[in-house]
Amino acid sequence: MASKIQSVKGTREFYPEQMALRNFIYEKVRGASQAFGYQEWDAPFIESIDLYAAKSGEELVKKQSFTFTDRSGDFVTLRPELTPSLARMIAAKQNELIYPVRWWSFGPFWRYESPQKGRSREFFQWNIDMLGVSSPEADAELIAVAATFLRSVRLSPELATIYVNNRRLMESEFDVLSIPQEKRLDVSNLVDRRSKMEPAKWDAYALELGLNDAQLNGLKDILGNFDLWKKSDELVRLFAALEALGVKDYVKFDPNIMRGLLYYTGTVFEAFDTSGSLKRAILGGGRYDNLLADVGGQPLSGVGFAMGDVVIGIILQEKGLLPEFIPSPAPILVTVFDESLMKESLSLSAELRSAGLNILCFPEPAKLQKQFKFADKMKVRVVLTVGPDEAANAQVAVKNLINGEQVTVKREAVVDIIRKIIK
RNA sequence: GAGGAUGUAGCUCAAUUGGCAGAGCGUCGCCCUGUGGAGGCGAAUGUUGCGGGAUCGUUCCCCGUCAUCCUCCCCA
């Protein structure tokens, strides 16, 4: 055991069963994206570290990325997020793209963090963005995409909620409290941490940051005011659009949602599982209006969100919302009666495949009992046998494993009878 | 980066104060020489994560190390 080479820490191995889960998520992601007319795209998996240095936040670049030098001595990074690549690719074709651009992507990302529940070092992430429009209705569309996804995996509004806030609204509230510009970032982090800290500790931390008592109390008033959105025209329009889109039951205003990334400028949102063991965000995103300027493009606003596959996978599993992944590689098995009839089975299999059927053919002669047991374990629905009697009369024995019935038919009738059984 | 828990058969777990390493499930074979699911009988699989130490003797005690899980940090 010890001499065996283990998988790299924080990576997951996808046996067929896990692969089915990954593909299930991918399929639902594609469904929600396409329902709103988004196009699939992707970026390189390895990028220059400089791409992330500009905007992604120090923590992400310095501590959480997989970085190494290639054979020529250049620094390269396994991508920890997609947005900088998106910004570059958009900027490169900024004048030829047709706006609004609606793109989505589902691919691998890497972050060098200590693995724990809901977090691995290698994960898959859904990214979806709309660029070139800055209306609240565009924000609403992205939230509706998220809600459509949640609905499609049978996470009802009682099980998962999307919490929404707006950074511009918070900025104007901070103005009222006379919180100085240079403290805004710290205060944002403070707000972000409120749910994770004990109230007394949180107060102490706030004062430590240099807030006075009046500012602290004012901040608490803001964070407890769930009608605050009415003061924001953007949010009023957003909620009206969400209602018209039929997803309002998934969405709640929450002034405590801030999000860590620096580049958000307007509406921000985060979806949480409301009842499970995992207190992690399922997905999160928001509006960013200055992103392209940093990679040399003209100003272009966008809105988007990201969702990792790990958290959503655990939630769906815990709630029993996954379909049963039957590991049936094909619905039909062709047995091999004995050495002399091997070729009969091979040619029958080939014939059926060219008729469009997926066929599993036993790869060596073996006792029929063994082959039927194999068929049963593989959840095959139909077993075909060509024994000496069938071969002599150009026939095939067709057994339906669901009800146990077996008939012997002419070889040219096999396709039809199989289609009837597996339909 | 800091802290905690756990490593025994393919899986889930036992093993009395330190005294021959076990069970259930699964796997395979046979009962059953042209047919799966049920049943009966039987078999295989272990450097007890790895390395050292103390001991007549260790799965058990001590030290180190690696891995996994959890918490903090941070984030998706």
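Residue numbers start from 1 in every chain, and the chains themselves are labelled A, B, ... in the order their sequence lines are given, proteins ahead of strands. No experiment lies behind these values; they were computed from the predicted model shown.
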For A:Val396, does its backbone N or O pair with a side-chain atom of A:Thr408 as donor and acceptor, under 3.5 Å? no
In whole Å, what is the span from the CG atom of A:Leu283 to the C1' atom of B:A76? 9 Å
Roughly how many Å apart are B:U6 and B:U47, using the P atom of each and rounding to a whole number? 23 Å
Can you check the distance between B:G24 and B:C41, where both ends of the measurement are the P atom (answer in whole Å)? 12 Å
Is B:U17 paired to anything, Watson-Crick or G-U wobble with both distances less than 3.5 Å, and if yes, which nucleotide? none
Taking the basic N atoms (NZ, or NE/NH1/NH2) and the acidic carboxylate oxygens, is any pair closer than 4.0 Å for A:Asp139 and A:Arg237? no
Would you indicate what A:Phe123 reaches in the nucleic acid, counting non-hydrogen atoms under 4.0 angstrom: base, sugar-phosphate, or nothing? base
Separation between CG (A:Leu190) and CG (A:Asp203), nearest 0.5 Å, reads 9.0 Å
Classify the side chain of A:Arg111 and the base of B:C75 as holding, or not holding, a donor-acceptor pair under 3.5 Å. no
Below 6.0 angstrom between ring centroids: does that apply to A:Phe305 and A:Trp126? yes
P atom, B:G29 versus B:A23: distance in rounded Å? 22 Å
Out of B:U35, B:G34, B:G37, whichever nucleotide has its closest atom nearest the side chain of A:Lys399: B:U35
Taking only the C1' atom of each, what is the distance from B:G46 to B:C70 in whole angstrom? 29 Å
Mark yes or no for a side-chain to base donor-acceptor pair under 3.5 Å between A:Lys373 and B:G37, with no hydrogen or angle criteria applied. no
Interatomic distance, CE@A:Met130 vs OH@A:Tyr38, rounded to 0.5 Å, equals 3.5 Å
Provide the Watson-Crick or G-U wobble partner of B:U59, both distances under 3.5 Å; none if there is no partner. none
B:G46 pairs with which nucleotide, Watson-Crick or G-U wobble, both distances below 3.5 Å? none
In terms of side-chain geometry, is the basic nitrogen of A:Asp289 or A:Arg167 positioned less than 4.0 Å from the acidic oxygen of its partner? no
Within the 4.0 Å heavy-atom criterion, would you say A:Ser120 contacts the bases, only the backbone, or no part of the nucleic acid? base
Let me know, please, whether A:Pro115 or A:Asp309 comes out on the 5' side of the other along RNA chain B by nearest nucleotide. A:Pro115
Partner nucleotide, any strand, of B:C41 [Watson-Crick/G-U, under 3.5 Å]: B:G29
Reckon A:Glu405 touches a base, only the sugar-phosphate, or nothing at all at heavy-atom distances under 4.0 Å? nothing
To the nearest angstrom, the NZ-P distance between A:Lys9 and B:U65 comes to 14 Å
B:G34 base stacked by A:Phe337? Criteria: ring centres under 5.5 Å, plane angle under 30°. no
Considering only atom P, compute the distance from B:C28 to B:C66 and round it to an integer number of Å. 39 Å
Between the base of B:G34 and the side chain of A:Gln406, is there any donor-acceptor pair under 3.5 Å? no
To the nearest Å, give me how far apart NZ (A:Lys367) and P (B:G36) are. 10 Å
Can you tell me whether the side chain of A:Glu113 and the base of B:A76 have a donor-acceptor pair closer than 3.5 Å? yes
Taking the C1' atom in each of B:G26 and B:A44, what is the distance between them to the nearest angstrom? 13 Å
Atom P, compared across B:C50 and B:G7: separation rounded to whole Å: 14 Å
On a plain distance test, is the side chain of A:Gln371 in donor-acceptor contact with the base of B:U35 below 3.5 Å? no
Look at the side chain of A:Gln369 and decide which nucleotide, out of B:U35, B:C74, B:U27, has an atom nearest to it. B:U35
If B:C74 has a Watson-Crick or G-U wobble mate with both distances under 3.5 Å, name it; if not, just say none. none
Base-pairing assignment for B:G36 (Watson-Crick or G-U wobble, both under 3.5 Å): none
P atoms of B:C63 and B:U68, separation to the nearest Å: 23 Å
If pairing requires Watson-Crick or G-U wobble contacts with both distances under 3.5 Å, which nucleotide is the partner of B:G7? B:C66
Grab the CZ-P distance between A:Arg381 and B:G36 for me, whole Å please. 21 Å
Does the side chain of A:Lys117 get closer than 4.0 angstrom to OP1 or OP2 of B:C72 through an N or O atom? no
Between A:Phe14 and A:Arg22, is there a cation-pi geometry (under 6.0 Å to ring centre, at most 45° from the normal)? yes
